[in-house]
Amino acid sequence: MPPYDFCLTAAAAVNFRVQHGTNFFDGTYFKKLLNLDNQTYFTRVHSIGTIDHPQLQIEITGNTINDQSTGAVTERLSWILDTTTDLSPFYQAVAQSPTLVPLVNNLKGLHITHTNSVFEGLILAILGQQINSKMAHTFSYHLIETYGQIFKMGGDVYYSFPKATTLADAGINGLKAIKLNRQKADYIASIACAVALNQLDLESLHNKSDEKLVISLLNIRGVGLWTAQWLLIKSFGRNDGFPHNDLALIRALTTLLKEKDLLKPEQVLKHSQRWIPFRSYVTTYIFAAIRSGCLN
DNA sequence: GGCCAGGTTCGCT
DNA sequence: AGCGAACATGGC
């Protein structure tokens, strides 16, 4: 759905690095080792269109390639790369907001990429709590390298996201081994255990309203307001997630609004009311601006 | 070297 | 209910 800037969107999926989580982007090919229905597929996507006439080409490698699995993988990649959302309602709404106009114009065609699974989004979010983004990246790399499934292709090595059962088996000690503190190791191990034992069905939360979804997420130990709002955006594809206590977001808005003193979370939340119901986009565009160096 | 980082929980008033 | 401490590691 145009406008769709494949390069920008894929770069955002890896936080403007080569790799983030199990997503890879080298400037041309978006690559991912994808877990789907207990199978693993190596997928490669690149653009053969333009921003205004987007067209993506997908290559799939795996043991069980047929019409059905090809359709399922294509659909999942469409979710991950958000190929079907129409951005124009957001662009129309934001045109009323001088604060955001320059920033959004700079990032035209950026879509919100999603995590392959809620589990993946949740674990990555917990890894990213409190610490800076470079450390979060290091942690996710260690986690995947240690506990993900390996796949070699053309001299390159790829990893899929670790399964809940693997992380449950690793336990707190196995997670502390990759330099996580006891708290994070504890959160992740207990979530992985609950998922592995079918006590926690994260995917079933897709059916809930935003409000009930947040309540369910907050019930999970290790999930606070920031993580719940972040998952709304990245793992549930909702339009109005807003982690108003996020330190980087607060600093960015303090700069954008030309405030002298650091805004308080409550002030950020109050100001954001004008962006309802598009705050997932606002958040995504601000973070993209930060990561691409347009904003400090 | 010290200070701080894209939070969350727990224990204490 | 509201506040502060602990968490532990890497980067600047």
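Below, chain A is the first sequence line, B the second, and so on; all start at residue 1.
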So does [X] get a side-chain nitrogen or oxygen closer than 4.0 Å to the phosphate oxygens (OP1/OP2) of [N]?
X	N	answer
A:R291	B:dG6	no
A:R251	B:dG6	yes
A:N132	C:dC12	no

**Request:** Confirm from the modelled atom types if A:Q129 and B:dT8 form a donor-acceptor pair under 3.5 Å, side chain to base only.
**Result:** no

**Prompt:** Quick one: does A:Q183 reach the base of B:dG7 with a side-chain donor-acceptor pair under 3.5 Å?
**Reply:** yes

**Which nucleotides of DNA chain C pair, in dot-bracket form (Watson-Crick or G-U under 3.5 Å, | meaning another strand)** = |||||||.||||

Any base atoms under 4.0 Å from [X], or only sugar-phosphate, or nothing? Heavy atoms, all strands.
X	result
A:I126	nothing
A:T227	sugar-phosphate
A:L247	sugar-phosphate
A:F139	nothing
A:I220	sugar-phosphate

Rounded distance in Å between the [atom1] positions of [N] and [M]:
N	M	atom1	answer
B:dG6	C:dC12	P	12 Å
B:dC4	C:dA5	C1'	16 Å
C:dA6	B:dC3	P	15 Å

Mind calculating the distance between [atom1] ([X]) and [atom2] ([N]) to the nearest angstrom?
X	N	atom1	atom2	answer
A:L175	C:dC7	CG	P	18 Å
A:Y141	C:dT9	OH	C1'	19 Å
A:N181	B:dG7	CG	P	14 Å
A:L127	C:dC7	CG	C1'	15 Å
A:Q130	B:dC3	CD	C1'	12 Å
A:K176	C:dC7	NZ	P	11 Å
A:Y285	B:dG6	OH	P	23 Å
A:K184	B:dC10	NZ	P	15 Å

**Message:** So for atom CD, which belongs to A:Q199, do other residues, nucleotides or ligands contribute more than 12 heavy atoms lying within a distance under 6.0 Å?
**Reply:** yes

**Prompt:** Is it true that atom CD of A:Q68 has more than 12 heavy atoms of other residues, nucleotides or ligands lying nearer than 6.0 Å?
**Reply:** no

**Prompt:** Charged N to carboxylate O below 4.0 Å: is that the case for A:K32 and A:E120?
**Reply:**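 So A:K32 pairs with A:E120 through a salt bridge.
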
**Message:** With nearest nucleotide decided by heavy atoms, which residue, A:A248 or A:V223, maps closer to the 5′ end of DNA chain B?
**Reply:**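 Looking at DNA chain B, the more 5' nearest nucleotide goes with A:A248.
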
**Asked** At their closest point, which heavy atom of A:T83 faces which heavy atom of A:S78, and how far apart are they?
**Response** OG1-OG, 2.6 Å

**Prompt:** Between A:W230 and A:F287, how do the two ring planes meet: parallel, tilted or perpendicular, split at 30° and 60°?
**Reply:**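 Taking A:F287 first and then A:W230, their aromatic rings stand perpendicular (interplane angle over 60°).
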
**Message:** What I want to check is whether the side chains of A:Q39 and A:S69 have a donor and an acceptor closer together than 3.5 Å.
**Reply:**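 No, because no side-chain N or O of A:Q39 sits under 3.5 Å from a partner of the opposite role on A:S69.
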
**Request:** Determine the sole option in A:Y41, A:F42, A:F24 for which the ring-ring contact (aromatic ring centres under 6.0 Å, His included) test with A:F151 is passed.
**Result:**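 Only match with A:F151 under ring-ring contact (aromatic ring centres under 6.0 Å, His included): A:F42.
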
**Request:** Verify the cluster assignment for A:V14 and A:Y4: are they in a single hydrophobic cluster under the rule of side-chain heavy atoms below 4.5 Å apart?
**Result:** yes

**Message:** Judged by each residue's nearest nucleotide on DNA chain C, which is more toward the 5′ side, A:L180 or A:K134?
**Reply:** A:L180

